[in-house]
Structures are given as structure tokens and as C-alpha cells.
Novice: 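Please see the structure below; I have some questions.
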Amino acid sequence: MRVRRHFRLGQAATELALVAPVLAVLVVGAADFARAFYFNQEVVAAARAGAQYGSQSVAAASDTTGISAAALANGTNVPGLATNSSFCTCQSPPPTGQTACATAYCNGANSQATYVTVTATATFNTLVNYPGIPHTTTMSGKAIMQVQN
């Protein structure tokens, strides 16, 4: 009987040695997926924060430095965050220095509205190089808001 018990202990250790690397890969993969999801949410939130700043007034919509600062202040956990902003108007003809919005924005009550668009982008790197999955991915978020009059 003692010999059989000794073999059982060895069998459990062998099974643990075989299963532990698989479990470790699953845990690291789940952590990387969670990091990617969080990173993407932060990029989208930064774009939204920049659009909220720009939607305060027409002057704020043209303040690309302020929009970028608002987005970067919101995305402090995102390394290498970059923003791009633009604004357009539904007024016909558009005032000097402004571009006309797409016709999809300018219907009914919005025929005189102004919109600000903010795009935020950043590069995400996984913790581990997984086969078949890119190690580096560019994530972007876009927010479009109507400017308050």
C-alpha cells in the first residue's frame, strides 16, 4: 500500500507541472485583454473630454490647444496620447474660416448648429508576444458634439 501512495503523490505533482504553464498563460492573456479594454476606454474618454471642452462655445471649438489639453488631462494613464480636433458649421454659407458640416448633421432644428470633432489615438503594447496577435495596436476614440450657442 505504501508504494501506491507514493506514486499518487508523484502523479499529482506531474499533473500540476503540466497544468501550471497553461494556467499561467491564461492568466497573463486575461490580464492583457483587460489592459487593452481599459486602455481603449481611456482613449475614448479622452476624446469625449476634449469634445466637451470644445462644445462650450464657438471660441472653444476653435481652441485646438485647449481641446488637446482637456483630452490629455483626462487621459493621464495613456502614454503617447495624441489628439486631433476640427469643427464645422451648418450655416450656409459658412462664416470665414469655418468649414461646412456634412448634410447628415444639418437637418431640421440643427440647420444653424456648429459641431466639434475630436479624435484621440494611442499605441497599445501587449505584455507578451502572442502568436497570431499583433504586439502593437493603435487604438483610437472619436467624439462629436454640438457646440452650445
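Worth saying up front: this structure is predicted, and the values here are computed from it rather than measured. Index from 1, following the sequence.
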Novice: State, to 0.1 Å, how close Ala71 and Ala46 come at their nearest heavy-atom pair, and which atoms those are.
Specialist: CB-O, 3.3 Å
Novice: By side-chain contact (heavy atoms from CB on, under 4.5 Å), which residues pair with Val44, not counting sequence neighbours?
Specialist: Asn40, Arg48
Novice: What pairs meet the salt bridge (charged side-chain N to carboxylate O under 4.0 Å, His left out) rule with one or both residues in residues 21-42, with sequence neighbours excluded?
Specialist: Asp32-Arg35
Novice: Are Ile67 and Ile144 in one and the same hydrophobic cluster, where Ile, Leu, Val, Met, Phe, Trp and Tyr link if side-chain heavy atoms are under 4.5 Å apart?
Specialist: no
Novice: Any heavy-atom pair between the side chains of Val43 and Phe124 that's under 4.5 Å?
Specialist: no
Novice: For a quick test of reading the model, state the closest non-hydrogen atom pair linking Met139 to Phe39 and the distance between them.
Specialist: SD-CD2, 3.8 Å
Novice: I need the minimum non-hydrogen distance between Ser62 and Ala59, along with the two atoms involved.
Specialist: OG-O, 2.9 Å
Novice: Just to verify, which of Thr65, Val118, Thr117 counts as forming a side chain to side chain contact (heavy atoms under 4.5 Å, CB included) with Ser85?
Specialist: Val118
Novice: Nearest 0.5 Å please: distance from the OG1 atom of Thr123 over to the CG atom of Leu81.
Specialist: 10.0 Å
Novice: Is a side-chain N or O of Thr119 found less than 3.5 angstrom from the main chain of Thr83, in a donor-acceptor match?
Specialist: no
Novice: Quick check on the hydrophobic clustering: are Val28 and Ile133 connected, directly or via other members, by side-chain heavy-atom contacts under 4.5 Å?
Specialist: yes
Novice: Looking at Tyr130, I'd like to know if its OH atom is crowded, meaning that more than 12 non-hydrogen atoms belonging to other residues, nucleotides or ligands lie closer than 6.0 Å.
Specialist: yes
Novice: Evaluate the pair Cys101, Cys106 and indicate whether the two SG atoms are within a distance below 2.5 Å.
Specialist: no
Novice: Please give me the minimum heavy-atom distance between Ala61 and Phe87, naming the atom from each residue.
Specialist: O-CD2, 3.4 Å
Novice: What's the separation between atom OG1 in Thr114 and atom CE in Met145, rounded to the nearest 0.5 Å?
Specialist: 15.0 Å
Novice: Looking only at heavy atoms, what is the nearest atom pair of Thr121 and Ser140, with distance?
Specialist: CG2-CB, 3.4 Å
Novice: I need the Asn74 CG to Leu72 CG distance, nearest 0.5 Å.
Specialist: 9.5 Å
Novice: Hey, could you give me each pair passing side-chain hydrogen bond (donor to acceptor under 3.5 Å, both in side chains) that has a residue in residues 51-60? Not counting sequence neighbours.
Specialist: Tyr53-Asp63
Novice: Nearest heavy-atom pair of Gly141 and Ala47: which atoms, and what distance?
Specialist: O-CB, 3.6 Å
